*Asks:* 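Pasting a structure below so you can have a look.
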Amino acid sequence: MNDNESVLGSGGFRKRKHDNFPHGQRREEKENVNPSSALMTSFKSFQLELDTRHDKYERLVKLSRDITIESKRTIFLLHRFTSAPNGEEILNESEVKLDAVRRKIKQVAQELIGEDMYQFHRAISPGLQEYVEAVSFQYFIRTRSLISVEEINKQLIFTTSNSHDKQPHTWSLKVTPVDYLLGVADLTGELMRLCISSVGNGDIDTPFELSQFLRQIYDGFTFIGNTGPYEVSKKLYTLKQSLAKVENACYTLKVRGSEIPKHMLADVFSTKTELIDQEEGLS
């Protein structure tokens with residue numbers, strides 16, 4: 001028998017190492033495993049812990065998806081502020097929607113009691129970013145300023161009372177600085193759309209106000225630059241695009257605003273932003 005025949009079994013297939021052992025012997029070894037041994041008990045506890053953590057992660061992903069959807073609906077509602085006859089009603093309705101979002105965030109906080117939030121951060125981060133975008137957009141419409149991360153976190157402190165306990169239970173969920181920055185970066189896109197709708201309604205003052213505000217945000221992000229998280233530096237380019245569109249549109253309004261009929265202002269804005277997009281595509 002040559003070397004090839006010793007390696008290959010009948011039929012020419014290569015044997016595996018454990019094929020030298022009888023199948024019956026391997027079956028007996030499996031049957032002889034003690035399910036109540038310390039090793040098996042440890043592995044069963046590991047399995048239970050991993051299954052529990054996986055189930056919690058999936059629940060958090062679903063809650064984050066719900067938070068994202070409701071926050072987007074709030075943003076869509078707030079865009080009606082410039083055209084609504086009574087803007088205060090829009091703001092009040094948006095507050096009701098944000099309260100519903102915060103109730104979802106409360107469920108997230110309950111899931112994370114006793115847990116390290118950063119182990120589940122990837123599951124909840126998209127929802128928190130969208131919430132920051134929605135609540136900061138509403139705050140800007142009310143105050144013409146940027147809400148701080150401390151103010152956002154104050155709204156995410158939850159208290160519940162139990163009839164059996166005299167002391168109420170308090171817990172919170174803190175928005176991380178990265179989620180806050182990413183939410184604010186996305187806010188700039190909504191402000192650009194607010195600028196377009198304001199011009200369409202004949203409001204020439206709001207675009208200049210938005211231009212100054214966006215410039216301040218952009219200057220703040222430039223201090224972070226490439227030293228911050230990768231996602232932040234990636235969104236800095238989009239922020240710069242939004243600022244350029246608003247500033248160039250404001251330049252056009254400043255130069256030709258008096259000679260352009262109000263019903264054509266939005267068309268001028270749209271044409272200007274299209275030219276910027278084409279120039280950026282060629283560069």
Side-chain angles (χ1 to χ4, degrees), residues 16-18 26-76 97-136 149-150 152-165 167-187 228-235 238:
R16 294 172 294 183
K17 292 182 178 180
H18 59 263
R26 281 183 285 154
R27 189 179 301 111
E28 290 176 0
E29 290 176 356
K30 291 182 180 180
E31 293 174 353
N32 291 332
V33 174
N34 185 4
S36 61
S37 65
L39 183 61
M40 293 299 296
T41 303
S42 298
F43 272 97
K44 287 182 179 178
S45 65
F46 296 153
Q47 179 187 9
L48 179 61
E49 181 179 351
L50 290 174
D51 289 343
T52 303
R53 188 172 296 275
H54 177 75
D55 293 341
K56 178 172 291 192
Y57 191 92
E58 291 300 320
R59 290 196 300 270
L60 290 173
V61 168
K62 184 179 183 303
L63 285 171
S64 177
R65 192 180 301 117
D66 294 340
I67 292 170
T68 300
I69 293 172
E70 293 302 324
S71 297
K72 285 184 180 295
R73 289 173 178 170
T74 305
I75 293 172
F76 295 153
K97 287 184 175 294
L98 286 176
D99 285 337
V101 175
R102 283 188 277 268
R103 286 195 292 272
K104 291 287 185 181
I105 297 178
K106 180 180 178 180
Q107 296 181 38
V108 173
Q110 290 173 328
E111 289 281 358
L112 294 177
I113 293 177
E115 299 282 358
D116 182 5
M117 189 193 78
Y118 288 96
Q119 292 185 358
F120 300 93
H121 183 249
R122 290 187 62 182
I124 62 176
S125 180
L128 293 179
Q129 292 177 33
E130 200 69 34
Y131 170 73
V132 170
E133 183 181 353
V135 74
S136 59
V149 65
E150 292 80 12
I152 291 177
N153 287 330
K154 283 181 183 178
Q155 300 173 358
L156 301 181
I157 299 175
F158 308 104
T159 304
T160 182
S161 58
N162 194 332
S163 58
H164 301 288
D165 300 329
Q167 294 293 335
H169 295 281
T170 303
W171 68 93
S172 63
L173 179 68
K174 289 187 177 181
V175 173
T176 65
V178 174
D179 290 334
Y180 173 74
L181 290 174
L182 294 175
V184 171
D186 291 334
L187 168 68
Y230 170 71
E231 295 88 349
V232 175
S233 59
K234 187 172 63 173
K235 289 196 175 185
T238 305

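All of these numbers come straight from a predicted model, not from anything done at the bench. Note that the numbering runs from 1 along the sequence shown for the chain.
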*Asks:* If you look at every heavy atom in Thr176 and Tyr118, which pair is closest and at what distance?
*Replies:*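 Minimum heavy-atom separation between Thr176 and Tyr118: CG2-OH, 3.9 Å.
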*Asks:* Of all the heavy-atom pairs spanning Ala134 and Leu98, show the shortest one and how long it is.
*Replies:*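 Ala134 and Leu98 have their closest heavy atoms at CB-CD2, 4.1 Å.
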*Asks:* In Å, rounded to the nearest 0.5 Å, how long is the span from OG of Ser136 to CG of Asp186?
*Replies:*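 If we round to the nearest 0.5 Å, Ser136:OG and Asp186:CG are 9.0 Å apart.
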*Asks:* Checking Arg73 now: which residues fulfil salt bridge (charged side-chain N to carboxylate O under 4.0 Å, His left out) with it, not counting sequence neighbours?
*Replies:*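 Arg73: salt bridge (charged side-chain N to carboxylate O under 4.0 Å, His left out) contacts with Glu70.
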*Asks:* Can you name the salt bridge (charged side-chain N to carboxylate O under 4.0 Å, His left out) partners of Asp99, sequence neighbours left out?
*Replies:*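 Arg102.
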*Asks:* With a 3.5 Å distance limit and no angle check, can you tell me whether Thr68 reaches the backbone of Ser64 through a side-chain donor-acceptor pair?
*Replies:*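 Flag set: sc Thr68 to bb Ser64 pair under 3.5 Å.
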*Asks:* Assess whether atom NZ of Lys56 is packed by more than 12 heavy atoms of other residues, nucleotides or ligands within 6.0 Å.
*Replies:*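 It does: Lys56 NZ has more than 12 such atoms within range.
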*Asks:* What is the minimum heavy-atom distance between Val132 and Gly183, and which atoms define it?
*Replies:*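 Taking every non-hydrogen atom into account, CG1-CA, 3.9 Å.
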*Asks:* Check the pair Arg53 / Gln119 against side chain to side chain contact (heavy atoms under 4.5 Å, CB included), numbers first and verdict last.
*Replies:* CA-CA 10 Å; Arg53 188 172 296 275; Gln119 292 185 358; 2.6 Å; yes
*Asks:* Pairs in or reaching into residues 118-134: which pass salt bridge (charged side-chain N to carboxylate O under 4.0 Å, His left out), with residues at least two apart or in two chains?
*Replies:*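 As it turns out, the salt bridge (charged side-chain N to carboxylate O under 4.0 Å, His left out) pairs with a partner in residues 118-134, which skip direct neighbours, are Lys72-Glu130.
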*Asks:* Where the side chain of Ser172 meets the backbone of Ile157, is there a donor-acceptor pair that is under 3.5 Å apart?
*Replies:*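 No, Ser172 side chain to Ile157 backbone: no donor-acceptor pair under 3.5 Å.
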*Asks:* Are the side chains of Trp171 and Leu112 in touch, meaning some heavy atoms are under 4.5 Å apart?
*Replies:*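 Side-chain contact under 4.5 Å: no.
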*Asks:* If you take all heavy atoms of Tyr180 and Val175, which pair is closest and at what distance?
*Replies:*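 The pair with the smallest heavy-atom distance is N-CG1, 3.8 Å.
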*Asks:* Quick one: closest heavy-atom pair of Ile67 and Tyr131, and the distance?
*Replies:*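 Minimum heavy-atom separation between Ile67 and Tyr131: CG2-CB, 4.3 Å.
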*Asks:* Going by the side-chain contact (heavy atoms from CB on, under 4.5 Å) test, name the single residue among Leu182, Val184, Leu181 that passes it with Lys235.
*Replies:*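 Option passing the side-chain contact (heavy atoms from CB on, under 4.5 Å) with Lys235: Leu182.
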*Asks:* Would Leu60 and Val108 satisfy side chain to side chain contact (heavy atoms under 4.5 Å, CB included), going step by step from the backbone distance to the final call?
*Replies:* CA-CA 6 Å; Leu60 290 173; Val108 173; 3.9 Å; yes
*Asks:* Write out all pairs satisfying side-chain hydrogen bond (donor to acceptor under 3.5 Å, both in side chains) with one or both partners inside residues 103-113, taking only residues at least two apart or from two chains.
*Replies:*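 Output for this query lists Arg59-Glu111.
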*Asks:* Just to verify, what does Ser125 make a side chain to side chain donor-acceptor pair (under 3.5 Å) with, not counting sequence neighbours?
*Replies:*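 Here the qualifying residues are Gln129, Asp179.
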*Asks:* In the structure I gave you, are the side-chain heavy atoms of Leu128 and Leu173 within less than 4.5 Å of one another anywhere?
*Replies:*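 Leu128 vs Leu173: side chains touch.
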*Asks:* Mind checking salt bridge (charged side-chain N to carboxylate O under 4.0 Å, His left out) for Glu58 and listing every partner two or more places apart, or none if nothing turns up?
*Replies:*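 With sequence neighbours excluded, Glu58 shows a salt bridge (charged side-chain N to carboxylate O under 4.0 Å, His left out) to no residue whatsoever.
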